[in-house]
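In what follows, chains are A, B, ... by sequence order, proteins preceding strands, each numbered from 1.
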Amino acid sequence: MLEPIIQAAWEGLRLVFSWPNILYPVCATLITMVVAFLPGISGVTIMALALSLTFSWDPLKIMLIFGAFVGGSTFMGSITAILFNIPGSGPSAATMLDGYPMAQQGRAKTAIGCSAASSALGSTFGILVLILLIPMMRQAILVFGPPEFLMLTVWGLTTIAVITRDSVVKGLIAAGLGFLLSFIGHDPRTAEPRYTFDLLYLWDGLGLIPPLLGIFSIAEMIALTVSGRRTISGKTHAEDLTGSVWEGILSVFRNFGLFLRSSMIGTLVGMIPGVGGKVASFVAYGQAVQTSRDRENFGRGDIRGVIAPEAAHDAKDGGSLLPTLAFGIPGNQSTALLLAALVLHGLPPGKELMTSNLPLVFVLIWSLFLSNWMTSLLGVAVVNPLARLTLIRTQLLAPLIFVLAALGAFAYRERMEDVLVAFLFGIVGYYMKKYGWPRIPFVIAFVLGNLFETNLHITMRLSHLGRLAFWTRPMVVALVLLTGVNFALPYLRAWRQSSGGLPK
Amino acid sequence: MIKFRERAIFTLALLAFVGFISYFTASLGPVARLVPMAVAVPTLALLIFQLALDLLPGLERRYGRFEKVDLLGVESFRKRVPVPNLSAAEDMKEQSKQNPKEWGLFLWVLLAPGLMYLLGLLVALPLYVLLYLRCRSRESLALSLSLACGTGLTLYGIFALTLRIRLFEGHLWLWLGF
């Protein structure tokens, strides 16, 4: 059973690394890297553009460039998240939580090194799982239904309880606000407009990027300017920047268990259609906090808070290719465009693609692999100039960040209203920060709220119709147990500590 | 005894917002309001409690432990490891009084979407960079101009030419009949 797969994998590898084929993924990766550095613009924009420009190309070249597009943008979004608290894309928002505080401490190099290593190794993990699962992908994907989605979001939401620190009341209120704002748009079951106030803009909901840009990057810049801090890192000379790339890279190996768990979560979530990288990143971040013994530094520049979301975010690319290639079910926006490209070039997904065109599938996989490693290595190579960006004076940086945030918000859906939303959230985010209201619970609830509600309704309806026995599904039981364990673990630790089982 | 504190204004604003949302939620159909209501009502109750904590120092002293409750044992871990003062957020905690710079800065922040709405992205963003750097940051004219030009060129080169994103053109030109 494995022989044809190994042959196809070898053939795919040979095709990618032969001349002049190699030029396609390399150029596509470089273009994606440059463009993905701009907030709000992801690989999706490039893919949409490439779709029309490459109509006459043969399928091999399409596989070569689209694999690079999928992989190239992931890491670059994290760079802006670490340096300026600007999420390049939704999933990078989780990297911001600890990456930016590291940059504020002058440890941007360590954070970028760690992000690059987690990113490259995470994508390798995702791709390995993809290759291993090709023969048995059907069973793996069909395990997940609405009850499993529901429990996955519940698992992610339990993070709120762990992350909320200074004031539980404020944390819960922030989560409630995040939930309420995620409900703007249509009710998922009846399609009844909800909180739209007859404004066409609100019919699609608030979107993820504008509130995130506001509540983090604009709020942060206002805070920096008001506080009178001279630079992001608080330092003015390159010699004052501490940390090193190697420290960041080694930290991934020092926390290898966390890296593996996060990559596994990323791959699994990537396989589930419609969930996307942002859920993978936040769920991975949550499990990093929940499974760590010393959690006091999370949200304040803990390197593990960079490893977990980065590994998950990149590992999900491999996972998301599974349902796209096997069943034609795209897991996210980029795989939806990949699917469109495949169909346009006469390669419909399914049995034929996975049998007679298997070498082409491997071209896509190796191109993704190459692109992920290339972005990480280039990121590490230019880490010094990147880290120096944290030495730019706040007075000079502030208008540029406001402009970048405005552009990012506009480019997201090409709507002026998104820009206004981002700036209003910027002011709200500033006051949240000033008065000690935690913003992380708000973001987690905002990201997961809609998914939670949709799957709650479907699960309730199926259960009501007698078509679903919630507790007989093994994955549901596993996720319920996992959630329970997450809640119980700190109490068990406290109990063990008080009885002298753990060192104080 | 009630003691008015600045932070209560923010809590009050949130309370008004969630109160409005809750009132609106009640008018939705039974299915559409199910989950939002389950979230809005407890959030509203918690906001009222938070407002009471902000306004009544006696209550805060009495229930302060609840506000800082160590739900999952995180605080006990924190106490054992000293955390350095890291970010601008923590610099800000020290500034308990309203900073007069805030209001001026908010005007500058809101000027960006305002200019964009009127003049369109291609004109507004370089102009905003120029005005901010020259008038607020008091940078030299040469630096302000070069960064503004850089912004304009990047905007036009990457967004308009390469990515073919249709940049918003602004309403002022329409009103003036261009």
Side-chain angles (χ1 to χ4, degrees), chain A residues 35 38 41 45 49 101 104-105 161-162 164-165 167-170 172-173 176-177 179-180 183 187 189-190 192 194-195 218 222-227 229 294-297 300-301 395-396 399-400 402-403 406 410-411 414 416 419-420 423 426-427 431 433-436 453 456 490-491 493-494, chain B residues 7 10 14 18 21 24 28-29 31-32 35-36 39-40 42-43 46-47 49-50 67-69 71-78 81 83 86-89 91-93 95 99 101-102 105-106 109-110 112-113 116-117 121 125 128-129 132-133 137 139 147 151 155 158-159 163-166 168:
Chain A
V35 176
L38 301 164
I41 297 189
T45 316
L49 195 67
Q104 284 186 308
Q105 295 162 38
V162 183
T164 302
R165 265 196 301 237
S167 162
V168 173
V169 178
K170 285 178 182 171
L172 292 175
I173 294 170
L177 284 169
F179 260 125
L180 288 174
F183 298 146
D187 170 59
R189 200 170 134 195
T190 60
E192 184 180 340
R194 215 164 41 182
Y195 314 132
I218 297 176
I222 297 174
L224 264 175
T225 312
V226 170
S227 71
R229 204 176 157 109
D294 49 338
R295 289 167 291 183
E296 63 281 347
N297 276 337
R300 298 174 170 227
Q395 294 284 36
L396 211 62
L400 300 176
F402 292 145
V403 164
F410 179 79
E414 294 184 31
M416 260 311 288
V419 180
L420 190 64
F423 280 83
I427 294 174
Y431 278 117
K433 197 167 183 171
K434 182 174 178 181
Y435 298 128
E453 192 193 11
L456 177 73
Y491 291 104
R493 279 201 192 118
Chain B
R7 64 182 194 199
F10 185 65
L14 291 180
V18 177
I21 290 284
F24 190 81
L28 294 171
V31 176
V35 182
V39 175
T43 308
L46 286 168
L47 270 164
F49 179 68
Q50 182 60 44
E67 197 195 1
K68 299 267 182 193
V69 70
L71 191 68
L72 291 174
V74 178
E75 288 301 320
S76 60
F77 282 107
R78 270 180 81 186
V81 182
V83 179
L86 306 172
S87 62
D91 295 344
M92 280 168 49
K93 279 185 184 171
Q95 305 175 344
N99 192 329
K101 277 197 287 184
E102 277 175 4
L105 187 62
F106 288 161
V109 168
L110 291 175
M116 283 167 77
Y117 183 79
L121 269 72
L125 292 179
Y128 178 75
V129 172
Y132 191 103
L133 289 176
S137 304
E139 297 291 343
L147 280 174
T151 306
L155 192 62
I158 295 182
F159 283 81
L163 296 175
R164 296 181 191 176
I165 290 176
R166 199 173 155 267
F168 182 72

Evaluate the side-chain contact (heavy atoms from CB on, under 4.5 Å) criterion for residues V403(A) and L155(B): first the C-alpha distance (whole Å), next the side-chain angles of each, then the deciding distance (0.1 Å), finally the verdict.
CA-CA 10 Å; V403(A) 164; L155(B) 192 62; over 6 Å; no
Do F106(B) and Y431(A) pass the ring pair (Phe, Tyr, Trp, His ring centres under 6.0 Å) test, and can you show the C-alpha distance, the side-chain angles, and the key distance before you say yes or no?
CA-CA 12 Å; F106(B) 288 161; Y431(A) 278 117; 5.7 Å; yes
Could you walk me through whether K434(A) and R7(B) pass side-chain contact (heavy atoms from CB on, under 4.5 Å), step by step?
CA-CA 9 Å; K434(A) 182 174 178 181; R7(B) 64 182 194 199; over 6 Å; no
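Listed here is the closest heavy atom pair of I173(A) and Q50(B): CD1-CB, 3.9 Å. Of all non-hydrogen atoms in F410(A) and L121(B), the two that sit nearest each other are CD2-CD2, 3.7 Å. Shortest non-hydrogen contact noted between P113(B) and M416(A) is O-CE, 3.9 Å. Across A406(A) and L125(B), no two heavy atoms sit closer than the pair CB-CD2, 4.4 Å. Nearest approach of F402(A) to Y128(B), heavy atoms of both residues: CD1-OH, 3.4 Å. For L46(B) against V169(A), the heavy-atom pair with the smallest separation is O-CG1, 3.8 Å.
Interface residue A40(B): backbone and side-chain heavy atoms are both found under 4.5 Å from chain A. For L396(A), the parts lying under 4.5 angstrom from a heavy atom of chain B are both the backbone and the side chain.
With sequence neighbours excluded, no residue forms a salt bridge (Lys or Arg N to Asp or Glu O under 4.0 Å) with R189(A). In this structure, Y117(B) has no side-chain hydrogen bond (donor to acceptor under 3.5 Å, both in side chains) partners at least two apart in sequence or on a different chain.
No side-chain donor-acceptor contact under 3.5 Å links E102(B) to the backbone of V226(A). Using modelled atom types, no side-chain atom of T43(B) and backbone atom of G176(A) make a donor-acceptor pair closer than 3.5 Å.
Between chain B and the residues L456(A), T225(A), L420(A), the most heavy-atom pairs under 4.5 angstrom are made by T225(A).
Rounding to the nearest 0.5 Å places CZ of R194(A) at 10.5 Å from CZ of F24(B). Once rounded to the nearest 0.5 Å, the distance linking CD1 of I222(A) with CG of L105(B) reads 5.5 Å. The distance from atom CG of L177(A) to atom CG of L47(B), rounded to the nearest 0.5 Å, is 6.5 Å.
V39(B) is listed as a side-chain neighbour of F183(A), based on a closest heavy-atom distance under 4.5 Å. No side-chain heavy atom of P36(B) sits under 4.5 Å from any side-chain heavy atom of F179(A).
Between F10(B) and Y435(A), the ring-plane angle classifies as tilted under the 30° and 60° cut-offs.
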